[in-house]
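Remember, it's 1-based here, ligands and their atoms both numbered in the order they're listed.
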Amino acid sequence: MLNLDEILRYLRATDEETLSELWARADTVRRECVGDAVHLRGLIEISNFCQANCAYCGIRAGNPLPVRYRMEISEILQQVKLAEKLGYGTVVLQAGESPGRLPAAWVTELLCAIREISSQAVTLSLGERPEKDYAAWRDAGANRYLLRFETGNAELFAKIHPGHPGLETRLLALKMLRSLGYELGSGIMIGIPGESWEDLAADILRFHSLNLDMIGVGPFLPHAQTPLGKQFIEKMVASQVPNDEMTTLKVIALTRLVRPYANIPSTTALATINMSGGYELGLSRGANIIMPNVTPAKYRELYEIYPAKTRTADAAEIFDQNLKKRILALGRKIGTGAGNSVNFSCYTDSKSDAR
Ligand code: 5AD
């Protein structure tokens, strides 16, 4: 496996030869380990209530602007059916972190309702919760959990997560999820103000040590209604990791090299900084997943974790048709089935048979 120095060499590279070598290595490993299928996961942003105050995020508790919503269970089921109709083997239920507005029992009821109508894999992305919540949801049929650690630099983590007990608590949550038998996803933002190349290289190595099944990375996108966004817009910090497309593609490629069997999305944040070809570039440089947004339009515009996200808010069916054409044009295939982690099936217990 790549070591820290090799990762740093690729991250800092600007010459064509080194970059071409990185792209080719990543694409070869992707093809050999996870094949040509691009699995589609239908993202449903079920609520924007949030009690956290992450300094980068537009739905942070301290932002008074977004009207807050929680979708009705019946509305969510409609979108699950839509995702199934479009052939997506997985739905991802994402929300702000809000035990008050998203009580564990409500989520359990939702999961049971989904299990009545669908055998799609269910991924949760609901932030940090007590272990008993994670356990109840796993029992109710949730298969996977996404919880990014955002940065492995503990000082920077503390700075961008005011009121949070710290990086160790986030890492502990990941451990809990793993031991409960979830397929585990995490990841980072790239180019957070104050992030160094060494931080980024260490984060990539951490993807391996955390034994992640799914790894999502995307550029930090400054949101004007957040402290970090304001700071970034006012004063671009010199000599730090840029939050640009090239760096994001390098991180995707290096992530594929350190986690050959992982599911790696070409993320919406990447597609936001390159609307015409971001998805394709991610897929060509190591990624094998796309997460089309199937949130109803009226809620999607209220789930603005970063700006311009809503500009991609085509109707789900139209977006889906275009996306599938774009994937096929790359010479790739549309994934069928749940697209479980290859990595995961190697060591999981019998509970995973129901996936
Ligand atoms: N820019 C980029 N990514 C962001 N996220 C939240 N806010 C931003 C932003 N301003 C990402 C975080 C979070 C995920 C749901 O969205 O990494 O984990």
Side-chain angles (χ1 to χ4, degrees), residues 41 43-50 52-63 65-66 92-98 102 123-129 144-153 156-157 159-162 164 167 169-171 173-174 177 184-195 199-200 203 206-207 210 212 214-233 241-245 247-248 251-252 255 264-274 278 282 289 291 293 295 300 302-312:
R41 324 288 205 199
L43 174 66
I44 312 174
E45 293 152 338
I46 62 174
S47 162
N48 69 351
F49 282 104
C50 193
N53 251 315
C54 308
Y56 45 87
C57 182
I59 65 166
R60 66 200 303 269
N63 184 2
L65 288 187
V92 181
L93 309 178
Q94 192 176 79
E97 196 169 80
S98 180
L102 255 69
T123 304
L124 297 178
S125 179
L126 307 175
E128 280 180 41
R129 302 282 298 232
R144 313 183 186 136
Y145 206 99
L146 299 178
L147 180 65
R148 289 186 178 178
F149 62 89
E150 316 294 357
T151 173
N153 173 331
L156 191 54
F157 183 97
K159 219 163 119 197
I160 65 175
H161 296 110
H164 190 283
L167 176 66
T169 302
R170 177 65 51 93
L171 298 176
L174 292 174
L177 288 160
L184 187 60
S186 192
I188 55 164
M189 289 183 296
I190 296 158
I192 302 168
E195 181 186 40
D199 292 334
L200 186 54
D203 288 349
R206 199 187 281 267
F207 296 157
L210 286 173
L212 298 176
M214 307 175 281
I215 303 151
V217 299
F220 159 65
L221 299 170
H223 188 303
Q225 277 119 36
T226 63
L228 210 59
K230 281 188 194 137
Q231 178 195 326
F232 186 88
I233 291 161
V241 172
N243 60 338
D244 62 4
E245 177 178 291
T247 314
T248 304
V251 176
I252 289 177
T255 300
I264 302 174
S266 189
T267 52
T268 311
L270 172 61
T272 299
I273 53 173
N274 177 351
I289 302 283
M291 295 165 66
N293 196 320
T295 310
R300 208 186 295 188
L302 301 174
Y303 200 87
E304 204 185 54
I305 51 184
Y306 47 76
K309 186 171 157 286
T310 51
R311 265 193 260 135
T312 57

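Under the 3.5 Å distance criterion, the side-chain polar atoms of S47 are left unmatched by any main-chain donor or acceptor of A95. Here the side chain of Y306 pairs a donor or acceptor atom with the backbone of A269 at under 3.5 angstrom.
Residues satisfying the side-chain hydrogen bond (donor to acceptor under 3.5 Å, both in side chains) test with E128, not counting sequence neighbours, are H164, R170. Checked against ring-ring contact (aromatic ring centres under 6.0 Å, His included), Y145 has the following partners two or more places apart in sequence or in another chain: Y134, Y182. Taking the side-chain hydrogen bond (donor to acceptor under 3.5 Å, both in side chains) definition, one finds that T247 meets it with D244, sequence neighbours left out.
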Could you pull out the N/O contacts under 3.5 angstrom between ligand 1 and the surrounding protein atoms?
{"from": "ligand 1", "atom 1": "1 (N)", "to": "L221", "atom 2": "N", "distance (Å)": "2.8"}
{"from": "ligand 1", "atom 1": "1 (N)", "to": "L221", "atom 2": "O", "distance (Å)": "3.4"}
{"from": "ligand 1", "atom 1": "10 (N)", "to": "Y56", "atom 2": "O", "distance (Å)": "3.0"}
{"from": "ligand 1", "atom 1": "10 (N)", "to": "L221", "atom 2": "O", "distance (Å)": "2.8"}
{"from": "ligand 1", "atom 1": "17 (O)", "to": "R148", "atom 2": "NH1", "distance (Å)": "2.8"}
{"from": "ligand 1", "atom 1": "17 (O)", "to": "E150", "atom 2": "OE1", "distance (Å)": "2.6"}
{"from": "ligand 1", "atom 1": "17 (O)", "to": "E150", "atom 2": "OE2", "distance (Å)": "3.3"}
{"from": "ligand 1", "atom 1": "18 (O)", "to": "E150", "atom 2": "OE2", "distance (Å)": "2.5"}

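Between the side chains of N153 and T151, no donor-acceptor pair is found at a separation under 3.5 Å.
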